[in-house]
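Inspection log for the structure reproduced underneath, given as structure tokens.
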Amino acid sequence: MKFSNTLIYWYLQNNRDLPWRKSKNPYFIWLSEIMLQQTRVAQGLAYYLKFTTTFPTVFDLAKADESTVLKMWQGLGYYSRARNLHFSAKQISNELNGIFPSTYEEIIKLKGIGDYTASAISSICFNEPTAVVDGNVYRVLSRYFGLNTPTNSTSGIKEFKTLAQTLIDISQPGTYNQALMDFGALHCKPQNPLCETCPFSDSCVAFEKKLTKELPVKEKKIKVRKRYFNFLVIKTEIIKQF
DNA sequence: CAATCGTGGCG
DNA sequence: TCGCCAAGATT
């Protein structure tokens, strides 16, 4: 069976019921994608609900003060996301008549949106076959194909993006992309992946060669840390009495 | 292009 | 307690 078909079959049975999946409104998908950058679903969920309630449309978000937006973002981290989100909301509201751009090429021009987010929005909302590559995708593909190219290297980024693009189901790219990420998050987990009940266990290279724990490979970056040591030298004077 | 940006969960 | 990581983007 084709990779994408197996994946989507798994997804239809195991996908998470998340609020942003009820909609294809690019404004909502955009909000969710920005919030979930480097952030777990469990952490971002409450913020997504708060934002969509307070700002039901891009106009409402654009009208708000930046300080208000930042306060609502408080606790989520990476605050430049909130500033870029607000900046782009104003741009969409004022210059694009509130209409979200509908192609990858146009979407990626927005501040705060890079390759991943542009691919996610264009595939989910506009059915454009643009493959997403996030941490989940690196892990699943590196294991399934047994690839040890460091995922944080320049060549690795290109290699995985190209590979993901060849695997995409062009008839339902949004579903395929979300399936791949959900599969990575729930099944092909970083630690203790569920290989025993995996639909890919007959074709996964890492499983066959017992390399699951070794993949994906990340180039180690040396973290310089300063350590300060204080020494207390104790001298005792021994007085010899005789 | 390597460093940086936050927070919380996990072993 | 510590290092690693989690739906990345920017400079």
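For the numbers below, each heavy atom of this structure counts, side chains included, while hydrogens, waters and symmetry mates do not. By convention in this document, chain letters (A, B, ...) are assigned in the order of the sequence lines, proteins followed by strands, and residues within each chain are numbered from 1.
- Rounded to whole Å, the P atom of dA7(C) lies 22 Å from the corresponding atom of dA2(B).
- Using a 4.0 Å cut-off between charged nitrogen and carboxylate oxygen, Asp182(A) and Arg21(A) count as a salt-bridge pair.
- Rounded to whole Å, atom C1' of dA6(C) lies 12 Å from atom CD of Gln37(A).
- Between the side chain of Lys111(A) and the main chain of His86(A), no donor-acceptor pair closer than 3.5 Å is present.
- Regarding Trp30(A), its CH2 atom lies at a distance of 16 Å from the C1' atom of dA7(C), rounded to whole Å.
- Nearest-nucleotide assignment on DNA chain C puts the 5′-proximal partner with Gly184(A), out of Ile113(A) and Gly184(A).
- What separates CD of Glu219(A) from P of dA2(B) is a distance of 7 Å, to the nearest Å.
- With hydrogens and angles ignored, the 3.5 Å screen pairs no side-chain donor or acceptor of Asp169(A) with any backbone N or O of Tyr176(A).
- Proximity of residues 39-57 of chain A to DNA chain B (heavy atom under 4.0 angstrom from any strand atom) is restricted to Thr39(A), Arg40(A), Gln43(A).
- Interatomic distance, CG of Asn127(A) versus NZ of Lys24(A), reported as 6.0 Å (0.5 Å rounding).
- If you take CD1 of Ile107(A) and C1' of dG8(C), they are 16 Å apart, rounded to a whole angstrom.
- For the pair Met181(A) CE and dG8(C) P, the interatomic distance rounds to 9 Å; values are reported in whole Å.
- dC5(C) atom P lies 13 Å from atom CG of Asn136(A), rounded to whole Å.
- Between Phe145(A) and Phe3(A), the ring planes are tilted. Angles from 30° to 60° get that label.
- The aromatic ring centroids of Tyr104(A) and Phe126(A) lie 6.0 Å or more from each other.
- Straight-line distance between the P atoms of dC4(C) and dT4(B): roughly 16 Å, to the nearest whole Å.
- In this structure, Trp73(A) has its ring center closer than 6.0 angstrom to the ring center of Phe51(A).
- When distances are taken from the side chain of Tyr79(A) to each of dT10(C), dA7(C), dG6(B), the shortest belongs to dG6(B).
- Among Tyr47(A), Trp30(A), Tyr48(A), Tyr27(A), the single residue meeting the ring pair (Phe, Tyr, Trp, His ring centres under 6.0 Å) criterion with Trp20(A) is Tyr48(A).
- Within residues 7-21 of chain A, the residues approaching DNA chain C are Arg16(A), Leu18(A), Trp20(A), Arg21(A), by heavy-atom distance under 4.0 Å.
- Judged by closest nucleotide on DNA chain B, Thr154(A) is the one of Leu76(A) and Thr154(A) placed further toward the 5' end.
- Rounded to an integer number of Å, the gap from CG of Leu70(A) to P of dT7(B) is 13 Å.
- Checked by distance alone, Tyr78(A) brings a side-chain donor or acceptor within 3.5 Å of a matching partner on the base of dG6(B).
- At the heavy-atom level, Asp115(A) lies under 4.0 Å from the strands shown only through sugar-phosphate atoms.
- Every pair tested for salt bridge (charged side-chain N to carboxylate O under 4.0 Å, His left out) that includes a residue from residues 67-87 of chain A fails, sequence neighbours excluded, so the list is empty.
- Comparing Gln178(A) and Asn84(A), the nucleotide of DNA chain C nearest to each residue sits closer to the 5' end for Gln178(A).
- Side-chain rings of Tyr144(A) and Phe207(A) stay apart, their centers remaining 6.0 Å or farther from each other.
- The nearest whole Å value for the distance from the CD atom in Gln38(A) to the C1' atom in dC5(B) is 10 Å.
- For the OP1/OP2 pair of dA7(C) and a distance below 4.0 Å, the side-chain nitrogens and oxygens of Ser32(A) include no atom meeting the criterion.
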